[in-house]
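All remarks here apply to the structure that follows.
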Amino acid sequence: MNAIRLHAFGPAENLTYEPAPTPAPAPGQVRIAVAAAGVHLLDTSLREGVQGGPSHALPELPTIPGREVAGTVDALGPGTDPAWLGRQVVVHLGFVPGGYAEYAVADADRLHALPPGLDPAQAVAMIGTGRTTLGILQFTELGPGSVALVPAAAGGIGTLLVQYAKNAGATVVALAGGPAKTALAAANGADLALDYTAPGWPEAVRARYPDGATVLFDSVGGATARACLDLLAPGALHLVFGWSGGPLTLTDTERAALTARGITTQHVLGPAMLQRVGTPDPLRTLETRALAEAATGRLRPALTRYPLAEAATAHRALESRATTGKVILEPVPRPS
């Protein structure tokens, strides 16, 4: 098979498209002929040799990156239910790499049958980005009285947050980098879409919604998050699930001012999110819910697609914020 392999940690150019051994499924596993593989920002950190915490240890080299795939089951390991053979499936591989390839193996008990009406790329977006989005949304109740402030609104999670909030009847203020991305956020249903790389955007939000936003979905951090905090209403919720723009550092005086306004900050990834689900397998529960939301059309993931051979280009684009929605690699060219 052909795959993307990483022989040395470093820049995107270190991702090489080359022949690799076709994997064989072990007992309880299946092999998937991959139609779509997800690219995650974490993949870029691991590629550089930056460990993403104790749960995301650096892989042994050489490695085939990627942890989200969809495609057709073409081989079974010993003891695997034969009903899976030939079925279209989607799966999150967990902390095991191997997705950037024409074939990948996965544990059968992690598989989801591809819902009718979803193509493999959409399913890949929901199995990872979708499950995270629904996990974040457990921390707030959105409704007609809510004003949601969503930075990075043209990204994978941001797109889904805007849609979910609008479905719930909330007002949505979407922030994105550049006119093209703000246009996408507006087309996605945002009530106000602004370019946060342009001057004056906080004043525009304040003029439109003088009472302030009730919830901030913060995946950006840095100066953008600092500006957003000034736009929150008393008693608002600040949900933190990323810091792509750098860490948010506050002085003791600033923290005291937020406390006086009743602003609550919650970091919502990791154990806190999983505990909220309240089921024996919380990740699978969130995956199932996310796929169902997409299958019904309530959530529609945005996608940026690249051929598998262009994984390095995809990484560079993701790191420079040149993509919208979920980044997808496709081993087989899509029909024109």
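FYI, side chains are in, hydrogens and waters are out, and symmetry mates aren't considered; it's all heavy atoms of this structure.
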**Message:** Tell me whether K166 is salt-bridged to D191, with the criterion being a basic N under 4.0 Å from an acidic carboxylate O.
**Reply:** yes

**Request:** Please report the C-alpha distance between V50 and F9 in whole Å, then the side-chain angles of each, then the deciding distance to 0.1 Å, and finally whether the side-chain contact (heavy atoms from CB on, under 4.5 Å) criterion is met.
**Result:** CA-CA 9 Å; V50 178; F9 297 118; over 6 Å; no

**Prompt:** When clusters are formed by joining ILVMFWY residues with side-chain heavy atoms under 4.5 Å apart, either directly or through shared neighbours, do F139 and V215 land in the same one?
**Reply:** yes

**Message:** Would you compute the distance between atom OG1 of T72 and atom CG of L85 and round it to the nearest 0.5 angstrom?
**Reply:** 10.0 Å

**Prompt:** Do R305 and D119 meet the salt-bridge criterion of a basic N to acidic O distance under 4.0 Å?
**Reply:** yes

**Asked** Would you say the side chain of L149 lies within less than 4.5 Å of the side chain of C228, judging by non-hydrogen atoms?
**Response** yes

**Complete:** Between A153 and V150, the two heavy atoms sitting closest are CB-O, 3.4 Å

**Asked** Passes side-chain contact (heavy atoms from CB on, under 4.5 Å), R87 versus L111? Steps please.
**Response** CA-CA 10 Å; R87 296 186 71 181; L111 299 175; over 6 Å; no

**Message:** Can you tell me if E203 has over 12 outside heavy atoms packed within less than 6.0 Å of its CD?
**Reply:** yes

**Prompt:** Would you say T129's side chain and M126's backbone share a donor-acceptor pair under 3.5 angstrom?
**Reply:** no

**Request:** Check for a donor-acceptor pair, side chain of T140 on one end and backbone N or O of L137 on the other, with a separation under 3.5 Å.
**Result:** no

**Asked** Hey, does the side chain of Q138 reach the backbone of G135 with a donor-acceptor pair shorter than 3.5 angstrom?
**Response** yes

**Asked** Would L250 end up clustered with I263 when hydrophobic side chains under 4.5 Å apart are linked, directly or stepwise?
**Response** yes

**Prompt:** Transitively linked via ILVMFWY side-chain contacts under 4.5 Å: L318 with Y100?
**Reply:** yes

**Message:** If we ignore hydrogens and angles and just use 3.5 Å, is the side chain of T304 paired with the main-chain N or O of T324 as donor and acceptor?
**Reply:** yes

**Request:** Quick one: pull up CG in D211 and CG in L231 and give me the separation to the nearest 0.5 Å.
**Result:** 12.5 Å

**Prompt:** Within a reach of under 6.0 Å around OH of Y196, are more than 12 heavy atoms found that belong to other residues, nucleotides or ligands?
**Reply:** yes

**Prompt:** So, N188 versus Q163: side-chain donor-acceptor pair below 3.5 Å or not?
**Reply:** yes

**Message:** Do the side chains of R47 and E319 get close enough for a salt bridge, i.e. N-O under 4.0 angstrom?
**Reply:** yes

**Request:** Mark yes or no for whether N2, through its side chain, and Y17, through its backbone, hold a donor-acceptor pair below 3.5 Å.
**Result:** no

**Prompt:** Quick one: does T44's side chain have a donor or acceptor within less than 3.5 Å of a partner on L41's backbone?
**Reply:** yes

**Request:** Give the minimum heavy-atom separation between T63 and P97, together with the two atoms involved.
**Result:** OG1-CG, 3.5 Å

**Request:** Say whether D195 and T197, considering side chains only, have a donor N or O and an acceptor N or O under 3.5 Å apart.
**Result:** yes

**Prompt:** Has the side chain of T80 got a donor or acceptor atom that lies under 3.5 Å from a matching backbone atom of L76?
**Reply:** no

**Request:** Determine whether L299 and M273 fall in the same hydrophobic cluster, where Ile, Leu, Val, Met, Phe, Trp and Tyr are linked whenever their side-chain heavy atoms lie under 4.5 Å apart.
**Result:** yes

**Request:** Run the numbers on K326 and E68 for salt bridge (Lys or Arg N to Asp or Glu O under 4.0 Å), then give the verdict.
**Result:** CA-CA 11 Å; K326 179 67 175 178; E68 306 154 341; 2.9 Å; yes

**Complete:** In terms of heavy-atom contacts, I127 and H112 come closest through CD1-CD2, 3.5 Å

**Item:** R321 side-chain N/O to S244 backbone N/O, donor-acceptor pair under 3.5 Å
**Value:** yes

**Asked** Hey, quick one: are V73 and V34 part of the same hydrophobic cluster, counting side-chain heavy atoms closer than 4.5 Å, chains of contacts allowed?
**Response** yes

**Request:** Could you tell me whether R110 and D281 have a side-chain N and a carboxylate O separated by less than 4.0 Å?
**Result:** yes

**Message:** Counting neighbours of OH on Y306 that are heavy atoms of other residues, nucleotides or ligands and sit closer than 6.0 Å, is the number greater than 12?
**Reply:** yes

**Over 12 non-hydrogen atoms of neighbours within 6.0 angstrom of CD in E141** = no

**Complete:** Nearest heavy-atom contact between L232 and A236 is CB-CB, 3.8 Å

**Prompt:** Is a side-chain N or O of T288 found less than 3.5 angstrom from the main chain of R284, in a donor-acceptor match?
**Reply:** yes

**Item:** Heavy-atom side-chain proximity of L291 to L118 below 4.5 angstrom
**Value:** yes

**Message:** Less than 3.5 Å apart, any donor N or O on the side chain of E13 or H315 sitting next to an acceptor on the other?
**Reply:** no

**Asked** Taking atom OG1 of T133 and atom CG of L160, what is their separation to the nearest 0.5 Å?
**Response** 4.5 Å

**Request:** Begin from the C-alpha positions of R67 and D43 and carry the test side-chain contact (heavy atoms from CB on, under 4.5 Å) through to its verdict.
**Result:** CA-CA 9 Å; R67 298 170 299 122; D43 297 348; 3.9 Å; yes

**Shortest non-hydrogen separation from G49 to L58 and the atoms involved** = O-CD1, 3.4 Å

**Asked** Between T159 (side chain) and P301 (backbone), is there a donor-acceptor pair under 3.5 Å?
**Response** no

**Request:** Please assess W84 against V89 for the test side-chain contact (heavy atoms from CB on, under 4.5 Å), listing each intermediate value before the final yes or no.
**Result:** CA-CA 9 Å; W84 285 114; V89 298; 3.7 Å; yes

**Request:** Kindly give the heavy-atom pair with the smallest separation between P62 and H7, and that separation in Å.
**Result:** CB-ND1, 3.6 Å

**Message:** Checking H238 against D218: is there a side-chain donor and acceptor pair closer than 3.5 Å?
**Reply:** yes

**Asked** In Å and rounded to the nearest 0.5 Å, what is the CG to OG1 distance from L303 to T323?
**Response** 11.0 Å

